[in-house]
Amino acid sequence: MEIKAFYEEVGGSFTEVMGRLLTEERIRRFVLRFPEDRTFFELCEGFDGGNWQQVFSCAHTMKGVCANLGLERLKEAASALTENVRDLSGKPDTASLFETVRAEYEHTVSAIRKLAEIE
């Protein structure tokens, strides 16, 4: 998969990311490293343990990383979860928002693996 196709797959804007990171090589390098980041797994641990401070912190971090890399759908999902737990408590829709983050994360990582295949 080529980098532009990757951004179409994950709902991002290659052009916007190019404006920030300046070269396709740099974009590819940072995107390919995304699955190594432990934030998602820490988010899952926090959610499973009801640690809303950890959920908030991890969702907020994920939102920022995704914004920088142009992973728009995952950024939006993380943003919604961030706002939901901003007061450091779970709400009736928190689980649904968490599952949306999980689904978008899995979709994004799957697309990254396809991108890595041409390395």
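Below, all heavy atoms of this structure are taken into account, side chains as well, without hydrogens, waters or symmetry copies.
Take Lys63 and apply the salt bridge (Lys or Arg N to Asp or Glu O under 4.0 Å) test, not counting sequence neighbours, and it matches no residue. Not counting sequence neighbours, the partners of Asn51 by the side chain to side chain contact (heavy atoms under 4.5 Å, CB included) test are Gln53, Gln54. Under the ring pair (Phe, Tyr, Trp, His ring centres under 6.0 Å) criterion, Phe14 pairs with no residue, sequence neighbours left out. In terms of the side chain to side chain donor-acceptor pair (under 3.5 Å) criterion, Arg20 has no residue partners (sequence neighbours excluded). Contacts of Glu42 classified as side chain to side chain donor-acceptor pair (under 3.5 Å), with partners at least two apart in sequence or in another chain: none. For the salt bridge (Lys or Arg N to Asp or Glu O under 4.0 Å) test, no residue two or more places apart in sequence or in another chain qualifies with Arg26. In terms of the side chain to side chain donor-acceptor pair (under 3.5 Å) criterion, Glu45 has no residue partners (sequence neighbours excluded).
The side-chain heavy atoms of Val101 and Leu74, taken from C-beta on, include a pair separated by under 4.5 Å. Under the 4.5 Å side-chain criterion, counting only non-hydrogen atoms from C-beta, Val31 is in contact with Leu115. Looking only at side-chain heavy atoms (C-beta outward), Phe40 and Pro35 stay at 4.5 Å or farther from each other. Counting heavy atoms from C-beta outward, Phe41 and Cys58 have side chains that stay 4.5 Å or more apart.
The heavy-atom pair separating Val55 from Phe47 by the smallest distance is CG2-N, 3.3 Å.
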| From CA spacing to verdict: side chain to side chain contact (heavy atoms under 4.5 Å, CB included), Ile27, Ile3 | CA-CA 8 Å; Ile27 294 168; Ile3 193 80; 4.0 Å; yes

| request: Report the C-alpha separation of Tyr7 and Thr15 in whole Å, then their side-chain angles, then the decisive distance to 0.1 Å, and conclude whether the side chain to side chain contact (heavy atoms under 4.5 Å, CB included) test is met. | output: CA-CA 10 Å; Tyr7 275 98; Thr15 305; over 6 Å; no

Donor-acceptor pairs are to be reported for all side-chain atoms of residues 76-87 against protein atoms at under 3.5 Å, with residues two or more places apart or in another chain.
from: Thr82; atom 1: OG1; to: Ala59; atom 2: O; distance (Å): 3.4
from: Thr82; atom 1: OG1; to: His60; atom 2: N; distance (Å): 3.3
from: Thr82; atom 1: OG1; to: Ala78; atom 2: O; distance (Å): 2.8
from: Glu83; atom 1: OE1; to: Arg86; atom 2: NE; distance (Å): 3.0
from: Glu83; atom 1: OE2; to: Arg86; atom 2: NE; distance (Å): 3.4
from: Glu83; atom 1: OE2; to: Arg86; atom 2: NH2; distance (Å): 2.7
from: Asn84; atom 1: OD1; to: Thr94; atom 2: OG1; distance (Å): 2.4
from: Asn84; atom 1: ND2; to: Asp93; atom 2: OD1; distance (Å): 2.8
from: Asp87; atom 1: OD1; to: Ser89; atom 2: N; distance (Å): 3.2
from: Asp87; atom 1: OD1; to: Ser89; atom 2: OG; distance (Å): 2.9
from: Asp87; atom 1: OD1; to: Lys91; atom 2: NZ; distance (Å): 2.7
from: Asp87; atom 1: OD2; to: Ser89; atom 2: OG; distance (Å): 3.3
from: Asp87; atom 1: OD2; to: Lys91; atom 2: NZ; distance (Å): 3.4

Using a 3.5 Å cut-off and no angle test, enumerate the donor-acceptor pairs between side-chain atoms of residues 105-112 and protein atoms at least two apart in sequence or in another chain.
from: His107; atom 1: NE2; to: Glu9; atom 2: O; distance (Å): 3.0
from: His107; atom 1: NE2; to: Arg73; atom 2: NH2; distance (Å): 3.1
from: Thr108; atom 1: OG1; to: Glu104; atom 2: O; distance (Å): 2.8

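Salt-bridge formation is detected for the pair Glu72/Lys75: a Lys NZ or Arg NE/NH1/NH2 atom is positioned less than 4.0 Å from an Asp or Glu carboxylate oxygen.
Atom CE of Met62 sits about 10.0 Å away from atom CG of Leu71, to the nearest 0.5 Å.
Within a 6.0 Å radius of CZ in Arg33, no more than 12 heavy atoms belonging to other residues, nucleotides or ligands are found.
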